[in-house]
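Scroll down for the structure; my scribbles are underneath it.
Naming: A, B, ... by sequence-line order, numbering from 1 per chain.
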Amino acid sequence: MIPRYTPREIELKWQEKWAADRLHEVTEDNSRPKWYALTMFPYTSGDLHIGHWYAMAPSDVHARFKRMQGYNVVHPIGFDAFGLPAENAAIKRGIHPFAWTMQNIENMRRQLKSIGACYDWSREVITCLPEYYRWTQWLFLKLYKGGLAYRAKAPVNWCPNCQTVLANEQVVEGGKCERCDTPVTKEDREQWFFRITRYAEELLDHSRIEWPERIETMQKNWIGRSEGVEISFGLDYRNVEEQEIRVFTTRPDTTFGVTFLVLAPEHPLVAKLTTPECRAKVEEYIANSKRQTEIERLSTEKEKTGTFIGAYATNKLNSERIPLWIGDYVLLSYGTGAVMGVPAHDSRDFDFAKRFGMPIRTVIAPPDWSGQELEEAFIEPGVMVNSGHFDGMPSERGKEAIADFMEDKGYGKRVVGYHLHDWLISRQRYWGAPIPIIYCDVCGIVPVPETNLPVLLPPDADFRPTGESPLKYCQSFVNTSCPRCKAPAHRETDTMDTFMCSSWYFLRYASPHYDEGPFDAEAVKYWLPVDQYTGGAEHAVMHLLYARFFVKAIRDLGLVDFDEPFTRLFNQGIIVAQRHKMSKSRGNVVNPDTYVSELGADTVRAYLMFIGPWEQGGEWDDSGINGMSRWLNRVWNLVLQGQETALPKEAPDQGAAKELRHRTHKTIKKVTEDLGRFRYNTMLASLMELSNHLGKVLPEESVDSLSWQEAIDTLLLLLAPTAPHLTEELWTRTGHPYSIHRQPFPTWDEELAAEEQITFVIQINGKVRDKLTVPASITETEARALALSQPRVKTFLEGKQLTSVIYVPQKLVNLVVQ
RNA sequence: GCCGAAGUGGCGGAAUAGGUAGACGCGACAGUCUCAAAAACUGUUGGGGGGCAACUCCCGUGCUGGUUCGAGCCCGGCCUUCGGCACCA
């Protein structure tokens with residue numbers, strides 16, 4: 001009698017045993033190659049949903065695979081615990097963010113353990129605990145002292161009714177406050193920035209890492225390098241100190257075509273230059289643009305808006321007087337915050353000029369141009385016209401010639417521009433790591449001495465929405481004395497962007513309890529960089545770019561000696577529900593707990609990997625999960641039934657035994673390749689094929705016991721990373737020593753894995769007309785002859801002329817006829 | 001709007017150095033077992049036409065145009081959906 005497969009019973013039993021044996025805890029070991037397998041740590045939003053499992057289960061399978069391949073694998077886990085949702089929950093339910101977060105962690109830890117992943121829990125890291133954020137602050141100070149942190153004004157979303165700063169997420173449709181529906185505006189605040197732009201050039205270089213091309217492309221586009229010229233336009237106003245406006249352009253060859261300049265509405269010169277007649281309109285325009293998001297402003301669909309400020313600048317190339325406008329399609333944060341308007345050769349400028357009736361002067365002639373005004377912007381290269389002594393020059397050469405001329409005359413200089421801007425890390429919120437800075441009336445900005453870290457987040461601060469950072473109202477926090485002169489001083493009350501916490505957590509895992517620094521240099525030297533990082537595609541740019549920047553920055557500060565944090569990256573797709581990414585705020589989360597308690601963790605793990613290619617994600621649909629549960633059940637029955645069947649030593653059917661061994665080795669090859677490429681769906685399909693075949697040969701009793709045993713052991717070992725509990729149980733039940741997870745991964749015999757027979761296709765004019773089973777060793781001559789001798793082929797060829805024959809080895813012959 | 005992806009049976013998907021479209025699974029239908037049902041097992045399953053039959057022909061990978069002996073795969077132009085767009089993380 002075969003016992004029933006009772007997944008939950010088995011799973012809990014082995015999870016307890018693995019934990020008791022500390023099977024997954026690892027230490028540095030120089031006798032084996034190391035493998036750092038890292039999954040992006042989850043944010044502590046509440047429960048884990050099916051999307052988390054989609055991230056966690058397949059990455060665990062890969063880590064287990066690497067371990068069976070002989071690597072010393074560390075697979076750590078932790079929690080990203082600071083951030084806005086905790087504060088929102090606190091406000092909504094009157095529970096302290098700390099309590100809310102720790103409750104969530106408690107629950108998520110239980111859920112994560114139910115996955116049966118090989119996490120080394122002894123390395124757990126929680127970013128909101130002082131023992132962690134102490135070092136986040138320490139690293140901030142390092143960056144500050146290294147000249148990589150600075151203060152500058154930057155706009156924040158502001159709700160005038162709630163008197164509070166809003167996150168982008170809290171600004172709902174149409175630019176309104178999510179709480180009170182008041183239109184949101186922008187306000188300038190002094191805030192802290194990191195100089196990520198200093199690393200723009202190095203961040204563009206992906207040559208040291210193996211990342212998916214699409215992610216590299218997205219990062220490259222995000223950084224947005226462009227070579228151009230910063231051109232100076234002359235200003236001549238007695239009451240204005242500045243004597244120039246600088247604009248950035250990648251098209252210096254069009255400078256003779258400038259008919260206006262557009263400044264960002266926030267440009268500092270706007271207030272100084274606006275004439276009294278224009279002031280009212282300009283102020284109205286600026287107020288309006290404060291209500292728009294950057295995305296709205298940059299949309300090329302939207303009709304261009306702007307207004308004349310009454311002032312003029314001089315185009316130094318031809319001494320023309322150029323009117324100055326403001327327009328919201330120009331952003332202060334990009335380039336110099338001002339652009340030159342060349343309507344003939346830039347489509348946005350063209351729209352702007354059309355709208356406001358400004359001249360459109362062609363300076364690059366399109367082919368066959370006869371002097372008429374253009375009907376749309378001509379943005380291709382061409383021949384320069386209306387450009388003084390540059391006339392007749394090809395514009396590509398003109399770019400260089402004008403740049404040379406300008407540099408020579410001091411009208412401008414070549415610069416490399418980046419779309420990337422510096423990283424704003426200040427948040428006017430409670431639930432984050434306090435920025436360790438003190439402001440002293442005498443000494444100015446004073447960093448908190450390292451020995452005084454951590455700057456503790458006061459537990460009793462009032463974090464409800466007010467006009468300022470919540471910490472500002474916590475007197476015991478704000479009031480302090482200057483570390484330098486001991487005079488009364490006050491603390492910085494903004495906290496840090498949570499991306500800061502997640503920019504170095506992977507370093508902390510190497511020595512999570514180290515208390516003399518953020519990490520133990522020796523441990524980091526052994527484990528880092530991360531060998532395989534996996535996480536959601538939504539992090540393609542920001543988190544991954546910030547973490548790269550961070551490592552490069554601390555490398556230059558002498559803290560680490562490698563350049564890139566994540567050697568290999570895999571971005572899995574996103575599991576959506578009701579067509580959108582699962583999120584608490586959207587309310588479309590699917591909880592995995594019921595599936596686990598009903599069908600078992602192994603089934604859920606395998607099902608998630610089976611639904612499609614991991615990088616693709618997709619709509620969550622549980623309609624096939626029973627199929628996975630059925631298959632694991634079949635594996636269970638198959639293995640135990642095989643145990644009870646006394647197969648002979650000699651195979652009754654040599655062919656059947658050979659076929660079985662061939663399939664076994666073919667499957668090892670396929671599974672090994674698929675695991676290496678994260679193609680879990682096809683890996684499982686090939687395991688199903690093997691088990692289907694085993695189910696067919698067992699009742700026939702046509703194979704020998706040795707071939708059978710080889711097949712069953714292989715099936716279990718290949719399945720072990722995916723279904724760790726089921727395979728551990730069956731491994732023991734088939735008389736093998738504990739633990740299957742310490743076994744080496746099977747290897748295949750190339751000869752046994754190779755196909756002996758192939759299906760050979762005969763095409764006529766590219767259409768399949770016949771299929772033949774032939775030995776794999778068939779030669780071209782044999783194949784051609786075989787094809788032409790087929791009766792079916794002969795009837796098709798009747799009365800036609802064979803013009804050519806195309807032969808593809810091991811695949812097909814295509815007869816081209818007329 | 002900009003950047004990055006994805007579109008294949010009733011459904012999830014398989015097949016890319018351009019060479020058999022639909023592996024594997026779900027669902028559905030039929031059967032075996034059963035007093036019956038469930039479970040399990042076996043078989044069929046892209047659409048359409050022809051043949052008593054073994055079989056055979058045509059169409060078919062979002063739309064559209066092209067390259068090629070041959071296109072799901074390559075190129076041009078669209079459409080739809082998803083992710084990101086710097087304060088959700």
To the nearest Å, how far apart are [X] [atom1] and [N] [atom2]?
X        : N      : atom1 : atom2 : answer
A:Lys811 : B:rA21 : NZ    : P     : 13 Å
A:Tyr680 : B:rG13 : OH    : P     : 18 Å
A:Glu689 : B:rA15 : CD    : P     : 12 Å
A:Asn692 : B:rA40 : CG    : P     : 14 Å
A:Met609 : B:rG13 : CE    : P     : 16 Å
A:Arg348 : B:rG1  : CZ    : P     : 15 Å
A:Leu424 : B:rA86 : CG    : C1'   : 9 Å
A:Trp222 : B:rG83 : CH2   : P     : 16 Å

So [X], base contact, sugar-phosphate only, or nothing? Heavy-atom distance under 4.0 Å.
X        : result
A:Pro42  : nothing
A:Met688 : sugar-phosphate
A:Thr803 : nothing
A:Tyr43  : sugar-phosphate
A:Leu420 : base
A:Val171 : nothing
A:Phe760 : nothing
A:Thr498 : sugar-phosphate
A:Val768 : sugar-phosphate
A:Gln191 : base
A:Leu812 : base

A:Tyr133 and A:Phe82: ring-ring contact (aromatic ring centres under 6.0 Å, His included), yes or no, with the steps? CA-CA 10 Å; A:Tyr133 71 72; A:Phe82 272 137; 5.6 Å; yes
When you compare [N] with [M], how far apart are their [atom1] atoms, in angstrom units rounded to a whole number?
N      : M      : atom1 : answer
B:rA23 : B:rG9  : P     : 13 Å
B:rC73 : B:rG1  : C1'   : 31 Å
B:rC75 : B:rA21 : C1'   : 22 Å
B:rU44 : B:rU64 : P     : 35 Å
B:rG72 : B:rA14 : C1'   : 12 Å
B:rG12 : B:rA6  : C1'   : 15 Å
B:rC11 : B:rG66 : P     : 30 Å
B:rA28 : B:rA39 : P     : 10 Å

Any [X] side-chain heavy atom under 4.5 Å of [Y] side chain:
X        : Y        : result
A:Gln763 : A:Val813 : no
A:Lys290 : A:Glu187 : no
A:Ile91  : A:Arg179 : yes

Candidates B:rC82, B:rC24, B:rC87 - which lies nearest the side chain of A:Val165: B:rC87
Can you figure out which of B:rC24, B:rC26, B:rC88 approaches the side chain of A:Pro85 most closely? B:rC88
Please confirm whether any donor atom in the side chain of [X] sits under 3.5 Å from an acceptor in the base of [N], or the reverse.
X        : N      : result
A:His543 : B:rA86 : no
A:Gln428 : B:rC87 : yes
A:Glu619 : B:rG12 : no
A:Glu538 : B:rC85 : no

Once you apply the 3.5 Å cut-off to both distances, tell me the Watson-Crick or G-U wobble partner of [N], or none.
N      : answer
B:rU68 : none
B:rG25 : B:rC11
B:rC85 : B:rG1
B:rA30 : B:rU42
B:rC63 : B:rG77
B:rC52 : none

Without swapping roles, check the side chain of A:Arg355 against the backbone of A:Lys304 for a donor-acceptor pair under 3.5 Å. yes
Validation row, ring centre A:Phe550 to ring centre A:Trp504 under 6.0 Å: no
Quick one: does NZ or CZ of A:Arg784 land under 6.0 Å from the six-membered ring centre of A:Tyr807, within 45 degrees of the ring axis? no
Is the charged tip of A:Arg548 near the ring of A:Trp222: under 6.0 Å from the six-membered ring centre and within 45° of its axis? no
For [N] and [X] - does any side-chain N or O of the residue sit under 4.0 Å from the phosphate oxygens OP1/OP2?
X        : N      : result
A:Arg630 : B:rC26 : yes
A:Asn633 : B:rA40 : no
A:Arg429 : B:rA89 : no
A:Arg214 : B:rA5  : no

Among A:Tyr199, A:Phe140, A:Trp423, side chain to side chain contact (heavy atoms under 4.5 Å, CB included) partner for A:Leu148: A:Tyr199
Can you check whether A:His421 stacks with the B:rA86 base, using ring centres under 5.5 Å and planes within 30°? yes
Is the ring pair A:His52/A:His49 parallel, tilted or perpendicular, if the boundaries are 30 and 60 degrees? tilted
Atom of A:Glu619, atom of A:Gln578 and distance for their closest heavy-atom approach: OE2-N, 3.0 Å
Of all the heavy-atom pairs spanning A:Asp80 and A:Ser502, show the shortest one and how long it is. OD2-CB, 4.5 Å
Residue closer to the 5' end of RNA chain B, A:Gly617 versus A:Leu166 (nearest nucleotide): A:Gly617
Mapping A:His539 and A:Asp422 onto RNA chain B by nearest heavy atom, which one lands closer to the 5' end? A:Asp422
Can you name the atoms? Protein N/O to nucleotides 55-58 of chain B N/O, anything below 3.5 Å, with the distance.
unit_1	atom_1	unit_2	atom_2	d
B:rC57	OP1	A:Arg792	NH2	3.4
B:rC58	OP1	A:Arg769	NH2	3.4
B:rC58	OP2	A:Arg769	NH1	3.3

chi for B:rG25 classified (syn = within 90 degrees of 0, anti otherwise) as anti
